[in-house]
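Bear in mind that the values here come from a model prediction, so they are computed numbers and not experimental data.
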Amino acid sequence: MEQQLPAFIVGAPLLFSVIVPILGRKWRQSAFVVAVATVAVSTVASALSLVRVLDGGTFRYYLGGWEPPVGIEYVIDEVSAVVSLVVTSVSLLVVISTRRWAEREAGDRPGVFYGLVLLLLAGLTGIVLTGDLFNLFVFLEIASLAAYALVFIGGRRAMLAGFRYLIIGSIGGAFYLLGVGFIYFATGTLNMIEARQLLEEAESTRAVQVGAVFIFTGLGLKMALVPMHLWLPDAYEHAPSSVNSLIAPVMTKVAAYAMLRMFLSVFPPGYLSGAVPIADALLVLGLIGIVFGSVAAAGQTDIRRMLAYSSISQLAFIAVGIGLGTPLALAAALLHVVNHAAMKATLFLATASVRFRVGLQRTHNLAGLGPRMPLTMGAFAVGSVAMVGIPPTAGFFSKWYMVQAGVDEGQWIVVAVVLLSSLLTAVYLFKVLEQVYLRPAKPEPSAHHDDEHDSPGESAPHPVEQQAMRPVVERAREAPLDVWLPLVLLGAATVVLGVFNVVIMEHVLLPGVS
């Protein structure tokens with residue numbers, strides 16, 4: 001039974017992504033119930049896989065019983081198991097918390113909406129578990145197509161943002177596929193482990209070097225690495241709340257994981273820093289992206305756009321760890337993948353909860369909201385503190401390990417930029433907390449309405465738009481239990497991950513990258 005766990009992790013959401021739309025046409029409420037049950041199955045299978053790996057080491061699953069090079073191999077090791085668990089568990093909590101938003105945004109087609117959510121999850125988990133370069137491309141495009149469609153649901157401006165996302169994402173997929181083609185021509189295999197062994201035995205060729213450049217360019221576009229980030233701010237801002245709360249924590253992190261997997265399983269040690277300077281490029285672009293994303297976030301007044309630029313900065317942080325390339329740096333990058341998924345899910349769900357209750361999303365209109373929505377804003381505060389990197393929250397420890405890795409390599413600029421990023425993150429997130437907890441509610445609305453919808457297909461505008469802020473905030477109350485409980489659990493997870501960071505690093509991540 002344990003050997004079949006990968007089939008449950010990927011196969012369950014893939015199968016029910018077809019079944020749920022059919023069920024949803026006849027029984028509307030069944031779409032949500034079946035989707036949650038499916039994601040729960042995938043989450044439990046991921047947890048059991050992690051236990052199995054920690055107890056017995058890496059294991060492999062051959063799709064259809066066909067071994068490589070004929071068949072496709074799924075590999076469950078420490079790294080893939082923990083990332084799979086993070087993707088599925090965060091997705092489960094997000095899907096539960098955003099049910100009320102999804103009912104409004106999906107309209108009369110909840111089955112299609114939840115079918116796309118499951119298709120997205122199938123693609124993401126497939127990327128994490130596959131040991132085949134071409135199969136990774138297939139799952140990458142499955143996840144991307146589902147994400148494009150989900151973004152389109154948000155209406156006219158979301159469709160424009162989604163179209164830009166589609167164009168750039170398709171270019172990224174094409175680059176990756178071209179790179180895989182070059183690797184296949186050079187090695188004669190698509191299996192990651194076999195390709196690595198053959199690349200170790202052969203001298204570096206121009207074809208392999210070009211293939212590596214194409215692969216990392218494609219993955220850089222998928223993970224929104226600066227300067228390939230142009231699709232992300234609009235997609236996160238204009239996507240429906242039930243969608244950006246899902247894709248922001250997990251979508252780009254899985255692309256970053258795929259990039260890290262190239263270092264671990266495809267290219268020999270030192271190849272990406274010697275024969276072709278991919279590692280140096282990632283380090284430089286990552287350092288630039290950390291500063292750019294933080295500065296851009298500090299200048300935003302829309303909280304969702306602010307969090308989008310924050311994600312660009314945090315993804316660049318992961319790229320720095322991959323570029324450094326030492327076991328400690330790679331483990332720190334993976335730890336930040338885990339931590340950032342929990343932190344960003346907390347922040348986006350809190351933002352969605354506020355919009356659900358009072359229809360506000362501009363930072364200067366949130367004044368006085370803290371006492372009215374204590375659980376939601378408390379979770380937002382915990383997520384903000386973790387993003388800044390204040391102990392004992394999770395964000396501190398991934399930054400601490402990255403600083404250690406920078407010191408070990410004599411990369412003092414890494415140390416300086418990581419510390420600067422914490423300061424800049426404090427600037428824009430504490431600005432929100434100041435409004436929420438220390439400022440009285442504004443008597444008049446902002447010059448810009450918070451929800452500016454312009455087509456019938458978009459989420460219905462909240463009636464607060466034409467009212468003064470003070471009465472709206474004074475009438476605010478906590479969101480329903482099914483909205484705030486997953487949010488609070490994710491906020492608590494940012495602290496738990498910090499407290500147990502040593503266990504995660506020493507028993508899971510460091511053995512996985514060594």
Side-chain angles (χ1 to χ4, degrees), residues 1-17 38-92 118-144 146 176 180 189-196 215 219 222-223 250-266 334 337-338 341 508-509 511-513:
M1 182 64 179
E2 288 182 343
Q3 292 297 125
Q4 307 301 320
L5 288 173
F8 286 99
I9 297 172
V10 181
L14 188 60
L15 173 64
F16 281 91
S17 68
T38 304
V39 181
V41 168
S42 189
T43 303
V44 171
S46 297
L48 293 175
S49 295
L50 180 58
V51 173
R52 164 70 173 78
V53 167
L54 295 178
D55 189 42
T58 300
F59 69 99
R60 291 170 168 79
Y61 174 80
Y62 305 124
L63 194 62
W66 295 87
E67 296 187 14
V70 177
I72 296 172
E73 178 185 49
Y74 290 169
V75 181
I76 311 289
D77 58 12
E78 294 92 344
V79 174
S80 59
V82 74
V83 174
S84 175
L85 179 58
V86 169
V87 169
T88 53
S89 58
V90 169
S91 298
L92 177 62
L118 292 178
L119 191 63
L120 174 67
L121 183 60
L124 295 178
T125 52
I127 293 168
V128 172
L129 299 187
T130 187
D132 183 276
L133 286 165
F134 182 76
N135 194 235
L136 191 151
F137 166 76
V138 172
F139 281 121
L140 195 65
E141 292 309 295
I142 287 174
S144 297
Y176 175 83
V180 170
T189 183
L190 293 169
N191 183 268
M192 293 182 182
I193 300 300
E194 289 187 353
R196 179 189 178 98
I215 286 174
L219 294 177
K222 293 288 188 180
M223 71 175 284
V250 296
M251 186 77 185
T252 46
K253 257 69 72 185
V254 169
Y257 162 85
M259 185 176 285
L260 190 145
R261 178 56 71 182
M262 297 298 127
F263 276 79
L264 296 179
S265 300
V266 179
L334 276 169
V337 168
V338 175
V508 182
L509 300 183
V513 300

Inset, instruction - Report yes or no: do T252 and K222 form a side-chain donor-acceptor pair below 3.5 Å? - result: no

Atom [atom1] in [X], atom [atom2] in [Y]: separation rounded to 0.5 Å?
X	Y	atom1	atom2	answer
L334	Y257	CG	OH	8.5 Å
M259	L219	CE	CG	5.0 Å
I215	M262	CD1	CE	6.0 Å
L48	D55	CG	CG	12.0 Å
L136	I72	CG	CD1	11.0 Å

Looking only at non-hydrogen atoms, find the nearest pair between [X] and [Y] and report the distance.
X	Y	value
L133	Y176	O-OH, 2.9 Å
V128	S84	CG1-N, 3.9 Å
E78	G512	OE1-CA, 3.8 Å
V86	A341	CG1-CB, 3.6 Å
T43	L85	O-CD1, 3.8 Å

Side-chain touch [X]/[Y], heavy atoms, less than 4.5 angstrom:
X	Y	value
I9	S49	yes
K253	V87	no
F59	R52	yes
I76	L5	no

Give a yes or no answer on whether the side chain of [X] reaches the backbone of [Y] with a donor-acceptor pair at less than 3.5 Å.
X	Y	value
S80	V75	yes
S17	L118	no
R196	L264	yes
Y74	R60	no

Inset, instruction - Please list all pairs passing the side chain to side chain donor-acceptor pair (under 3.5 Å) test where one or both residues lie in residues 119-133, with sequence neighbours left out. - result: T130-N135

Inset, instruction - Only one of V10, V254, L129, L124 passes side-chain contact (heavy atoms from CB on, under 4.5 Å) with F139; say which it is. - result: V10

Inset, instruction - Please report the C-alpha distance between D77 and R261 in whole Å, then the side-chain angles of each, then the deciding distance to 0.1 Å, and finally whether the salt bridge (Lys or Arg N to Asp or Glu O under 4.0 Å) criterion is met. - result: CA-CA 11 Å; D77 58 12; R261 178 56 71 182; 3.2 Å; yes

